[in-house]
Amino acid sequence: MKKRTAQLRLVIMTLLVPAAFLPPGCRKKPEPSASERMVIRVPMFSKIQTLDCGNLTDVYSIGVASQIYESLYEYHYLKRPVELVPLLAEGMPDISEDHLTYTIRIRKGIFYHDDPCFPDGKGREVKAGDFVFALKRIANVKYMSQRWTDWNGRIVGLDDFREYTKGFRRESDVDYSVEVEGLRALDDYTLQLKLTKPWPQLIWYLASAVTAPVPREAVDYYGKDILYHPVGTGPFRLKVWERGFYIELVRNENWHGGTYPTEGEPSDWENGYLEDAGKPLPFADAIVYRIIEEFQPAWLMFLRGDLDIMQIFKDNFAQAVNPDTLTATPAMAERDIRLLVFDDPSVFWIGFNMQDPVLGRNKPLRKAVSRAIDRQAAIRLFFNGVHKVAYGYLPPGLEEYDPNIVHTDYAKYDPAEARTLLQEAQRIHGGPIPPLTIAIPGTSNLDRQIGQFLQKYLEDVGLQLRVDYMDWPTYLDGLNKGKLQIFFSGASPSIPDSLDMLMGFCSWNWGYGGNHFFYSNPEYDALYRKAEPMFPGPERTRLCRQMERIMLEDYPAVFLNHRVSIAIIHGWYKNAKPHEFSYNTAKYRRIDLEKRNRYKELLNELKKKPK
């Protein structure tokens, strides 16, 4: 499950021969000038820790890494409902009748980026064994992958391999040639996976950068520094990572190639998303991610034309958005700036550490905090009234979302009841409740305003709240290790499946596995195990909704809101169709350089207009 406190998304002819059919070395173009170079410029509101695909967990790292690595499958960029298509695989998997064996043919002629880890610095061809190595590496205890919970108990023999790795001191000491029955390269271009039980979600996980092939040469060459040296097969490769400042990816001139989709939704023609149908990818020469931890500087850069896209935040909403129509204001429209508005299947919360001695055994206290928070007021104040109240945990848009959840009282604002619950909480605690401490990931004005808002509402019912504002790496470390008493966080499903979200409350996923609440309920766990091998259907839906209600009754969190995302883009930023689950989108994005280069002139013309 990917944790979020934010979220990101991105024909030449030579004589008679189309460039797409030339060998990679023949496709190199003369170095473009600054005004001709197509560079996508994106803000990033948090630092990232790693670009090592086997340990990607947060949305920022996944967003960058997905342009560098490729997986067996990917989401069709335009089709909705979402659909998977082959990427590094030749086709969809052959699945046995009992749904336990997946056989996948790998495309030939796929090469890794050129990198010093290879002989003569030339990337070699991808083989099926690289996928085996990548998954064994996730299973290796000494690698300490936070993605192991995705695979725990899934593949025949992989858990045994994990046990075997416990006997070594270092990751590099493990012998990766040890056979795993359910994870084999049958030959250089055939991968076989054998499951311990049906796993309907497997195909979705094979469309994630986390399951990208990894060359053993890179792991051996870079050692622990591989988190700064990603070696993938994607359309872009890492050029510069000035940690804390910016990341630059450049076009991989040896990429195996691809073309822009030729079909999608009926509205895609009208919205201009099919104007580039059939053209070679990628369009951009480079992507620059600017790390800007304050929203206002990013907004000013966007208005100057130094960023192509950004999110709308509280402080720039009135300037950018007509609240009645959720369209761009006239001031934005005359700059040829428009909005992208879409429902984001996300949920945000105030989470409780159920191992905390004050909170963990005191349900009335946790419930009092829930009753003390006015969610509608928070949405009006911080999200301009656009977001939706989270009456439960599962977000709208998922198949198992329960529309009747809105009739429950889990999101009820009732300060009088909160005060009554607090009295009961004090009896359980044996005296006054000491000050509580919440961790908020960020130090921006908005983060501080959220902290002050929570302090005010809890103070109104008789609770003191301290706020720790943390940078993302510090916050994430505390979250995973159970060091935080209360935390402000959120999540979206990494795949279009409710069980991906519900896994976040399973007792075997404490800490690094995604259960940062350290929540445990045997009935919940048993229902999850029952639903786990089921394919979508009425019985699975019933079980998912039952799990959600069980967890909600325990109040391990105060669920606040489901996000309605509003992105603002310049008119030159093309093919920017939002996708809720796909991250490898930069290859589809195109910049109209003529429009971008004229923008400074447009600003000067607008300055001359009478007010």
Side-chain angles (χ1 to χ4, degrees), residues 1-3 52-59 61-63 65-66 69-76 82-89 91-95 99-104 106 128 130-140 143 145-156 158-159 161-162 180 182-184 191-214 232 234 345 398-399 491-504 506 508-509 512-514 528 531-536 540 579-584:
M1 184 173 69
K2 62 181 186 270
K3 294 293 178 187
D52 182 1
C53 64
N55 225 344
L56 300 171
T57 56
D58 67 275
V59 69
S61 300
I62 295 172
S66 295
Y69 296 103
E70 292 178 308
S71 48
L72 288 164
Y73 301 99
E74 66 177 339
Y75 293 89
H76 191 287
V82 296
E83 179 181 311
L84 290 183
V85 293
L87 181 53
L88 297 186
M92 301 308 286
D94 292 326
I95 305 173
H99 298 283
L100 294 178
T101 302
Y102 286 62
T103 304
I104 302 168
I106 311 299
D130 297 328
F131 293 91
V132 173
F133 172 69
L135 292 180
K136 283 183 176 178
R137 189 165 172 251
I138 290 173
N140 185 347
Y143 174 50
S145 173
Q146 298 180 53
R147 301 310 298 251
W148 166 246
T149 53
D150 297 339
W151 299 89
N152 186 8
R154 309 285 195 182
I155 305 294
V156 174
L158 193 57
D159 290 65
F161 178 81
R162 183 172 176 83
V180 172
L183 184 58
R184 288 179 173 169
L191 174 68
Q192 186 178 80
L193 300 171
K194 290 185 178 180
L195 307 181
T196 58
K197 57 188 173 184
W199 184 19
Q201 299 80 27
L202 172 61
I203 189 68
W204 301 112
Y205 283 103
L206 297 179
S208 166
V210 176
T211 58
V214 174
L398 292 180
E399 186 171 346
S492 290
S494 58
I495 60 174
D497 192 290
S498 296
L499 287 179
D500 184 60
M501 292 283 285
L502 294 167
M503 188 194 303
C506 293
W508 54 85
N509 285 334
Y512 287 101
Y528 187 92
E532 196 175 21
M534 292 182 177
F535 286 81
R540 200 184 84 144
H579 198 296
E580 297 90 339
F581 300 103
S582 181
Y583 284 89
N584 66 333

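Residues: numbered from 1 along the sequence shown.
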Quiz prompt | Smallest separation among heavy atoms of Val156 and Val180, with atom names | solution = O-CG1, 3.4 Å

Self-check item: Separation of Leu100 CG from Lys197 NZ (nearest 0.5 Å)
Solution: 11.5 Å

Quiz item: For Phe133, what residues pass the ring-ring contact (aromatic ring centres under 6.0 Å, His included) criterion, not counting sequence neighbours?
Solution: Tyr176

Self-check item: Flag, side chain of Tyr528 to backbone of Leu499, donor-acceptor distance under 3.5 Å
Solution: yes

Practice problem: Of all the heavy-atom pairs spanning Ala212 and Cys53, show the shortest one and how long it is. | Solution: O-SG, 4.2 Å

Quiz item: Where do Tyr102 and Ile95 land on the side-chain contact (heavy atoms from CB on, under 4.5 Å) test, with the steps shown first?
Solution: CA-CA 5 Å; Tyr102 286 62; Ile95 305 173; 3.5 Å; yes

Self-check item: Donor-acceptor contact present, side-chain Tyr75 to main-chain Val85, <3.5 Å
Solution: no

Quiz item: Do Ile155 and Leu195 come close enough that some side-chain heavy atom pair is under 4.5 Å?
Solution: yes

Exercise. Could you grab the distance from atom CZ of Phe161 to atom CZ of Arg137, nearest 0.5 Å is fine?
Key: 11.5 Å

Quiz item: Which distance, rounded to the nearest 0.5 Å, do you find between the CE of Met501 and the OG of Ser494?
Solution: 9.5 Å

Quiz item: Do Leu84 and Met92 come close enough that some side-chain heavy atom pair is under 4.5 Å?
Solution: yes

Quiz item: For Asn55 and Thr57, does a side-chain donor sit closer than 3.5 Å to a side-chain acceptor?
Solution: no

Exercise. Please tell me if the side chains of Asp52 and Tyr143 come closer than 4.5 Å, counting only heavy atoms from C-beta onward.
Key: yes

Exercise. State, yes or no, whether a side-chain contact exists between Leu183 and Leu193 at a heavy-atom distance under 4.5 Å.
Key: yes

Quiz item: Looking at side-chain heavy atoms only, is the closest gap between Ile106 and Leu72 below 4.5 Å?
Solution: yes

Quiz prompt | Any donor-acceptor N or O pair under 3.5 Å, side chains Asp500, Gln201 | solution = no

Exercise. Identify which one of Leu206, Leu88, Val214, Ile104 satisfies the side-chain contact (heavy atoms from CB on, under 4.5 Å) criterion when paired with Phe131.
Key: Leu88

Self-check item: Short side-chain to backbone donor-acceptor contact, Thr211 and Ser208, under 3.5 Å
Solution: yes

Exercise. Report yes or no: does Asp159 contribute a side-chain atom to a donor-acceptor pair with the main-chain N or O of Gly153 at less than 3.5 Å?
Key: yes

Quiz item: Does Val82 reach the side chain of His579, with side-chain heavy atoms less than 4.5 Å apart?
Solution: yes

Quiz item: Donor-acceptor pair, Arg540 side chain versus Phe535 backbone, under 3.5 Å?
Solution: no

Quiz prompt | Closest heavy-atom pair and its distance - Ser145, Gly54 | solution = OG-O, 2.6 Å

Exercise. Kindly indicate whether the side chain of Asn584, heavy atoms from C-beta on, has any atom under 4.5 Å from the side chain of Glu70.
Key: no

Practice problem: Taking all heavy atoms of Leu398 and all of Asp497, pick out the closest pair and write down the distance. | Solution: CD2-N, 4.1 Å

Quiz item: Can you find a heavy atom in the side chain of Ile138 that is under 4.5 Å from one in the side chain of Val210?
Solution: yes

Self-check item: Over all atoms of both residues, closest heavy-atom pair of Ser492 and Pro345
Solution: OG-O, 3.3 Å

Quiz item: Which atoms form the tightest heavy-atom contact between Ala65 and Leu56, and what is the distance?
Solution: CB-CD1, 3.5 Å

Quiz item: Would a line drawn from the ring center of Phe581 to the ring center of Trp204 be shorter than 6.0 Å?
Solution: no

